Protein chains: 2
Amino acid sequence: MMDTVAPTGLSFKAQMRRAREGAIVGTVCRLMADKGFDAMTVDEVAAAVGIAKPSLYKHFPSKEDLAAAAMAHVLQRAGEYVAEVPLSLPPLKRLHAVLRWAAQVHLAGDLPILPGPRSPLRATLSVHPVYLAALRSVSAPLEGWIREAQADGSLNAALPPQAVLYALYARACDPLISLLQGTGQYSDDEILDLALSACFDGLRAR
Amino acid sequence: MMDTVAPTGLSFKAQMRRAREGAIVGTVCRLMADKGFDAMTVDEVAAAVGIAKPSLYKHFPSKEDLAAAAMAHVLQRAGEYVAEVPLSLPPLKRLHAVLRWAAQVHLAGDLPILPGPRSPLRATLSVHPVYLAALRSVSAPLEGWIREAQADGSLNAALPPQAVLYALYARACDPLISLLQGTGQYSDDEILDLALSACFDGLRAR
DNA sequence: GTCTATAAATAGATAGAC
DNA sequence: GTCTATCTATTTATAGAC
């Protein structure tokens, strides 16, 4: 039996709270994907969620915590997807599948864009425990797969594993996807294929 | 004889004006590379240039025009570089050289990050004549080189030329470069080689 | 053209009623 | 816990002296 009904009455309110926080976080993801952290206003978030601004601040103490929660949420979803990728697949295919998943989230408009190198948000994230934990839950298995794929000869072994990992994070947020989407000339599947091919196959002919 | 001394007295002031505007635009480039358009404030720009804010507004009528001028400036520099690339090189090498140049500018901290897909800045840029002209002065030759490189079999012909062009723009601003730079583990040349290899060769082994 | 001083709007964040 | 109303700081932009 699932534990959707908790032993205490407290948990019902807790569930509603989590549901609302989920709605908030989802909204923040969309707004950060659209305009980025700096251009997003707390008023917009509140209006889009359909609640008042002070209610937001009961859930999250600051705008930056709001953003950190949103990015942690995306990373947690990614971590869940990573955990479900069948290890029977060859490691390169597993990496391919993860990037495809991330690119789909990007296409759907739910992937916050990366903060600038010296953005104040970066400082907040770099000490945010929940965000960092979610980041590691993705990075650790990916880095293992990268080493596997380099060992079996399917991934370019001249690239440091860390560089490959960073490249995958960068490609998940690839502006190429938005640019192609903006033309209106390609279907979502075509965009995914183009972006993945550009990343794994490279621009040079093979 | 060079025309550094102009026939009219007016042109001397004009030169000083251009020099100051050059300093402003250079500062804006650095700030936009660091923090992006939205997090950059006009006060910061004025302070960094060493002039008062109203003086800024004598040169540029709004913050968005400031940003457009900065991005147009980078594109003009890129256009000048493109015009100097020897056509004796094979087309793929020419594209390679241009991306390397852009990545160097990025590494130096002088390449504004791309605005978000629905950023208000995008709307301004899309109707800014100087910016659009500079953009075309880069895009037109690049697109020709892309078709050449596909025709001679060195560039993946399965990718639409437009997609390759967008990919090059995206890679010029590749966050991978900042991420590698942030580790402190790699020299600038190593970062350039890694970023260029990831773009042209792809992550897969060859 | 450059500055000091300031306007006008908007941002993040909170007080206090219910 | 949620809302109305508000505070404070900051931001873009300008008026007006020199």
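Here the structure is a predicted model, which is why all the values come from computation and not from measurement. Chain letters run A, B, ... following the sequence lines, proteins first, then strands; residues in each count from 1.
OP1 or OP2 of dT14(D) has not a single side-chain nitrogen or oxygen of Tyr57(B) nearer than 4.0 Å. Between Ser55(B) and dG1(C) there is no side-chain N or O to OP1 or OP2 distance below 4.0 Å. Distances shorter than 4.0 Å separate some side-chain N or O of Arg20(A) from OP1 or OP2 on dT2(D). Taking 4.0 angstrom as the limit, Lys63(A) places a side-chain polar atom (N or O) nearer than this to OP1 or OP2 of dG12(C).
Relative to the ring axis of Phe37(A), Lys63(A) places its NZ or CZ within 45° and under 6.0 Å from the centre.
In this structure, Met40(A) reaches the sugar-phosphate backbone alone: every heavy-atom distance under 4.0 Å involves primed, P, OP1 or OP2 atoms, never a base.
If you check dG12(C), dC3(D), dA13(D) against the side chain of Val42(A), the one that comes closest is dG12(C). Looking at the side chain of His59(B), the nearest of the listed nucleotides dT11(D), dT2(D), dT2(C) is dT2(C). With dT12(D), dC3(C), dA13(C) as the candidates, the nucleotide lying closest to the side chain of Ser62(A) is dA13(C). The side chain of Pro54(B) sits closest to dT14(D) out of dG1(C), dT14(D), dT2(D).
Here dA15(D) presents its P atom at 17 Å from CG of Leu56(B), a figure rounded to the nearest Å. Spacing between atom CG of Asp43(A) and atom P of dA11(C) amounts to 6 Å, rounded to whole angstrom units. At whole-Å resolution of the value, NZ in Lys53(B) and P in dT12(D) are 7 Å apart.
For Asp174(A) and Arg171(B), the salt-bridge test passes: some basic side-chain N is under 4.0 Å from an acidic carboxylate O. A salt bridge links Arg100(B) with Asp193(B): the closest approach of a Lys/Arg side-chain nitrogen to an acidic carboxylate oxygen falls below 4.0 angstrom.
Atoms CG and CD, on Leu180(B) and Gln162(A) in that order, are 7.0 Å from each other to the nearest 0.5 Å.
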